[in-house]
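Just below is one structure, and these are the notes that go with it.
In what follows, every chain begins at residue 1, and chains take the letters A, B, ... in the order their sequences are listed.
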2 protein chains.
Amino acid sequence: MKNNTNVDNQEVKNEKTFVFDEKSCPVTATMQVLGGKWKAILINAIYLTSPARFGELKRSVKGITQSMLTQQLRELEDDGLISRKIYAEIPPRVEYTLTELGLTLSPIMQSMAKWGEEYRMKKQ
Amino acid sequence: MKNNTNVDNQEVKNEKTFVFDEKSCPVTATMQVLGGKWKAILINAIYLTSPARFGELKRSVKGITQSMLTQQLRELEDDGLISRKIYAEIPPRVEYTLTELGLTLSPIMQSMAKWGEEYRMKKQ
DNA sequence: AACATTAGTATTGTTTTTCATACTTACACA
DNA sequence: TGTGTAAGTATGAAAAACAATACTAATGTT
């Protein structure tokens with residue numbers, strides 16, 4: 001009969017003890033804020049054209065519908081990544097900018113932009 | 001009547017000329033490969049536990065179902081990010097590792113991990 | 001008076017993701 | 001002979017994401 005020390009167990013069953021869930025995986029936390037079809041592109045668009053008007057985003061972000069744009073912007077605002085400034089004019093004007101927190105995403109956006117460019121080149 | 005030069009038009013309608021779509025936004029290209037609920041966490045998990053066995057991932061990545069895991073791994077493989085090594089044994093053994101291309105994602109994963117940690121701290 | 005403008009909301013429908021469950025294979029071991 | 005094992009497949013249902021369309025408000029311009 002084999003003795004049953006920890007060392008021996010590790011030899012027998014050589015499994016790593018990692019756990020990946022919402023609480024222990026920070027990558028997941030980021031994806032919850034930046035995931036989905038439009039979030040990352042919107043952060044990028046606002047970053048590059050700030051201050052960005054609603055209609056401007058609607059025209060430049062190809063394929064997004066008006067209701068989707070509204071919804072995604074609200075969610076980004078709720079997560080504290082963008083801020084919304086309403087001008088009391090007729091017709092209305094609303095400008096979106098990145099908050100301080102939103103600006104801290106720029107390392108992610110830059111590494112993603114760089115990778116995306118290189119990936120596209122490799123695929124051809 | 002106002003004259004109609006380009007300069008004048010730019011003054012009248014001060015719109016930026018950015019366009020964001022799949023072709024011109026590299027961030028979108030990256031998100032197409034890394035988007036969804038499980039992709040980023042799986043890349044991270046394989047990165048940290050490589051070589052990662054199928055059953056190991058099933059246990060460590062909390063909440064994922066077997067069929068979802070299979071499907072996501074296949075897609076990552078099709079995109080050239082991970083490789084799959086089958087051992088002709090009974091019961092079967094399959095090991096996943098990041099490819100060279102998959103490893104180039106590490107700047108993204110690291111910036112996402114860093115941001116996620118800081119975001120979690122700020123929220124409390 | 002009618003129309004254009006901007007930034008929306010509301011409603012309904014479609015498509016994509018994700019989940020749950022049952023089934024398979026080939027061998028080793030009791 | 002029956003049971004356990006690892007890495008899957010197959011099927012159908014549920015949930016979430018996304019899209020399309022019509023509508024609104026207050027004002028200026030034709």
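Across the protein-nucleic acid pair, Ile64(A) atom CD1 and dA7(C) atom P stand 14 Å apart, rounded to whole Å. When rounded to the nearest whole Å, the span between CD of Gln32(A) and C1' of dT18(C) equals 15 Å. Between the P atom of dT18(C) and the CH2 atom of Trp38(B) lies a distance of 8 Å, rounded to the nearest Å. Nucleotide dT5(C) holds its P atom 10 Å from the CZ atom of Arg59(A), rounded to whole Å.
Shown here are the side-chain hydrogen bond (donor to acceptor under 3.5 Å, both in side chains) partners of Ser24(A), two or more places apart in sequence or in another chain: Asp21(A). Ser67(B) pairs by the side-chain hydrogen bond (donor to acceptor under 3.5 Å, both in side chains) definition with nothing, not counting sequence neighbours. Remark: Glu77(B) engages no residue in a salt bridge (Lys or Arg N to Asp or Glu O under 4.0 Å) (not counting sequence neighbours).
Listed by first and then second residue, the salt bridge (Lys or Arg N to Asp or Glu O under 4.0 Å) pairs that reach into residues 78-105 of chain A are Glu89(A)-Arg93(A), Arg93(A)-Glu95(A), sequence neighbours excluded. The ring-ring contact (aromatic ring centres under 6.0 Å, His included) pairs that include a residue from residues 105-124 of chain A are Trp115(A)-Tyr119(A), where partners are two or more places apart or lie in different chains. Legend: ring-ring contact (aromatic ring centres under 6.0 Å, His included) pairs involving residues 76-103 of chain A, not counting sequence neighbours: none detected. Residue pairs meeting the ring-ring contact (aromatic ring centres under 6.0 Å, His included) criterion with at least one partner in residues 58-83 of chain A, sequence neighbours excluded, do not occur; the list is empty. Counting only residues at least two apart or in different chains, side chain to side chain donor-acceptor pair (under 3.5 Å) contacts with residues 29-39 of chain B comprise Glu22(B)-Gln32(B), Lys39(B)-Glu75(B). Identified under the salt bridge (Lys or Arg N to Asp or Glu O under 4.0 Å) test for residues 102-112 of chain A, with sequence neighbours left out: none.
For the segment residues 66-77 of chain B, the set of residues with a heavy atom within less than 4.0 Å of an atom of DNA chain D comprises Gln66(B), Ser67(B), Thr70(B), Arg74(B), in numerical order. Listed in residue order, the members of residues 80-96 of chain B having a heavy atom less than 4.0 Å from DNA chain D are Arg84(B), Pro91(B), Pro92(B), Arg93(B), Val94(B), Tyr96(B).
First and last contacting nucleotides of DNA chain D toward chain A (any atom under 4.0 angstrom from a heavy atom, 5' to 3' order): dC18(D) to dT27(D).
Judged by distance alone, with hydrogens and angles left aside, the side-chain atoms of Ser60(B) form no donor-acceptor pair with the main-chain N or O of Val19(A) at under 3.5 Å.
Within the 4.0 angstrom heavy-atom criterion, no nucleotide atom of any strand lies near Lys58(B).
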Under the side chain to side chain contact (heavy atoms under 4.5 Å, CB included) criterion, do Lys122(A) and Leu101(B) qualify, and how do the steps go? CA-CA 10 Å; Lys122(A) 278 174 196 158; Leu101(B) 179 63; 3.7 Å; yes

